[in-house]
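All values reported here derive from a predicted model rather than from experimental measurement.
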Amino acid sequence: MQSSVRRRHQAAQGFAGRFSSAQPDGGCRTSPFHLDLWFYFTLQNWLLDFGRPIVMIILPLDWFPLNKPSAGDYFHMAYNIITPLLLLKLIERSPKTLPNSVIYVSIITFVMGASIHLVGDSVNHRLIFSGYQLHLSVRDNPIMQNLTPPTLVDSFELLYYYDEYLGHSMWYIPFFLILFIYFTGCFSKIRAESRMPLSAWTLLAPSSLYYWYLVTEGQIFIIFIFTFFAMLAIIMHQKRKGLHLDSNGLFLLYSFSATLIFIAAWIVWLWNDQILRKKYPGVIYIPEPWAFYTLHINSLH
């Protein structure tokens with residue numbers, strides 16, 4: 001009788017232990033700084049995303065005819081494959097059990113949006129070589145005003161919509177959602193983990209500058225600022241539980257904070273630019289870097 005009671009008690013303890021270990025408690029496990037993932041993430045963002053339009057400008061047009069994929073397009077294809085893999089590896093290293101279904105749907109939507117953008121952006125950069133000016137709207141561009149029949153302009157406006165609105169939304173909303181979901185698991189009960197190593201500080205500047213480029217060129221300030229405020233809300237909520245951000249969470253928080261500073265400096269610098277003001281007439285005035293390039297830099301050459 002006593003042995004059977006003891007066995008039941010041990011079984012109940014084992015079940016309770018397994019159940020508690022499966023709970024998404026932010027302080028159950030420790031998570032060192034993921035230097036390898038954050039380094040690869042930052043490097044491929046700069047090379048494959050920021051670098052692809054530069055490659056298209058530098059390489060001779062004879063190497064990549066305008067009716068064939070360019071070097072920048074191949075960079076974009078590589079980005080569409082590598083970035084989801086890095087995001088999945090980042091989620092795998094989270095000390096918290098995260099919702100797999102949300103992650104998988106977000107990854108699928110991310111790839112769809114980035115692929116839509118690949119097509120639109122590829123055509124858009126070819127138009128630049130034909131005289132298209134990014135600081136003007138589609139219909140106000142000189143090369144569009146001479147098209148026949150005039151309904152072709154509507155087709156280019158549809159392409160612009162897929163590129164700049166639908167593609168960006170399906171690309172960036174899942175991207176920041178995955179980063180936010182990962183951020184929710186970056187908390188620990190150990191106070192000593194709430195500091196960044198030197199390697200994290202060295203990656204902070206290039207990471208923040210890339211997010212500045214992502215937000216300004218992608219025109220996704222609303223998505224970005226909502227993600228940032230949600231991160232602050234999670235921090236206050238977890239602080240009441242005695243949990244602290246680990247090094248990975250601090251890296252994301254500081255990167256986003258520095259990005260806000262860069263965006264504010266960018267807006268102040270171009271505040272009185274009347275031409276860019278005409279293209280971005282809304283309440284949120286954040287010019288695109290490549291629109292600035294075609295207006296002020298490309299015209300110098």
Please check if atom CE in M77 has more than 12 non-hydrogen atoms from other residues, nucleotides or ligands closer than 6.0 Å.
-> yes

Ring center gap for F292 and W266 short of 6.0 angstrom = yes

CG of N248 to OG of S188: how many Å apart, nearest 0.5 Å?
-> 11.5 Å

Any pair counted as salt bridge (charged side-chain N to carboxylate O under 4.0 Å, His left out), so long as it reaches residues 259-275, sequence neighbours left out | none

Between atom CD1 of I54 and atom CG of L59, what is the distance when rounded to the nearest 0.5 Å?
-> 11.5 Å

Got a sec, which pairs hit salt bridge (charged side-chain N to carboxylate O under 4.0 Å, His left out) with one end in residues 73-87, sequence neighbours left out?
-> D73-R126

What closest approach, in Å, do L276 and P287 show between heavy atoms, and which atom pair accounts for it?
-> CD1-CB, 3.9 Å

Sequence neighbours excluded, which residues qualify as side-chain hydrogen bond (donor to acceptor under 3.5 Å, both in side chains) partners of N141?
-> none

Heavy-atom closest pair, residues S94 and G185 = OG-CA, 4.1 Å

Nearest 0.5 Å please: distance from the CD1 atom of I181 over to the SG atom of C186.
-> 12.0 Å

F251-F33 aromatic ring centre distance below 6.0 Å = yes

Of all heavy-atom pairs between S106 and P174, which one has the smallest distance, and what is that distance?
-> O-CB, 3.1 Å

Apply side chain to side chain contact (heavy atoms under 4.5 Å, CB included) to A265 and list each qualifying residue two or more places apart in sequence or on a separate chain.
-> none

Taken to the nearest 0.5 Å, the spacing of L260 CG from W212 CH2 works out to 14.0 Å

Distance-only side-chain donor-acceptor flag, Q219 / Y280, under 3.5 Å | no

In chain order, what residues pass the side-chain hydrogen bond (donor to acceptor under 3.5 Å, both in side chains) check against Q44, with sequence neighbours excluded?
-> T83

On a heavy-atom basis, the closest approach of V55 and A71 is CG1-CB, 3.4 Å

Set of side-chain hydrogen bond (donor to acceptor under 3.5 Å, both in side chains) partners for Y172, sequence neighbours left out = none

In this structure, CD1 of I275 is separated from CD of Q133 (nearest 0.5 Å) by 9.5 Å

So, do L179 and L87 sit near enough that their side-chain heavy atoms are less than 4.5 Å apart?
-> yes

OH/Y285: more than 12 non-hydrogen atoms of other groups inside 6.0 Å = yes

Should the heavy atoms of other residues, nucleotides or ligands under 6.0 Å from CZ of F228 be counted, would the total exceed 12?
-> yes

Do I234 and F187 have side-chain heavy atoms sitting under 4.5 Å apart?
-> yes

Any salt bridge (charged side-chain N to carboxylate O under 4.0 Å, His left out) involving residues 145-156? Give me the pairs, sequence neighbours left out, ordered by first then second residue.
-> R139-D154

Just jot down the side chain to side chain contact (heavy atoms under 4.5 Å, CB included) partners of Y162, sequence neighbours excluded, or say none.
-> I116, L158, L166

Heavy-atom closest pair, residues D140 and Q145 = O-NE2, 3.3 Å

Which residues share a side chain to side chain contact (heavy atoms under 4.5 Å, CB included) with I173, sequence neighbours left out | S169, I223

Measure from the ring center of Y213 to the ring center of W46 and say whether it is less than 6.0 Å.
-> no

Using the six-membered ring wherever Trp is involved, compare the ring planes of Y182 and H34 and label them parallel, tilted or perpendicular (cut-offs 30° and 60°).
-> tilted

Indicate if L88 and M112 have the same hydrophobic cluster label, given that clusters are the connected sets of ILVMFWY residues with side-chain heavy-atom separations under 4.5 angstrom.
-> yes

Does anything in residues 109-121 pair up under side chain to side chain donor-acceptor pair (under 3.5 Å), and if so which pairs, sequence neighbours excluded?
-> R52-D121, H76-H117, H117-D163, H117-H168, D121-H125

List for me each residue that meets side-chain hydrogen bond (donor to acceptor under 3.5 Å, both in side chains) alongside K239, sequence neighbours excluded, and say none if there are none.
-> none

Taking the six-membered ring where the residue is Trp, are the ring centres of F224 and F256 under 6.0 Å apart?
-> yes

Which atoms form the tightest heavy-atom contact between F75 and L48, and what is the distance?
-> O-CB, 3.8 Å

How long is the gap from CG on L204 to OG on S199, to the nearest 0.5 Å?
-> 11.5 Å

Give a yes or no on whether the backbone of V119 and the side-chain of S122 come within a donor-acceptor separation of less than 3.5 Å.
-> no

Check whether the ring centres of W171 and Y79 lie less than 6.0 Å apart, and answer yes or no.
-> yes

Are side-chain N/O atoms of Y211 and N45 paired as donor and acceptor at under 3.5 Å?
-> no

Pairing residues for L47 by the side chain to side chain contact (heavy atoms under 4.5 Å, CB included) criterion, not counting sequence neighbours = L43

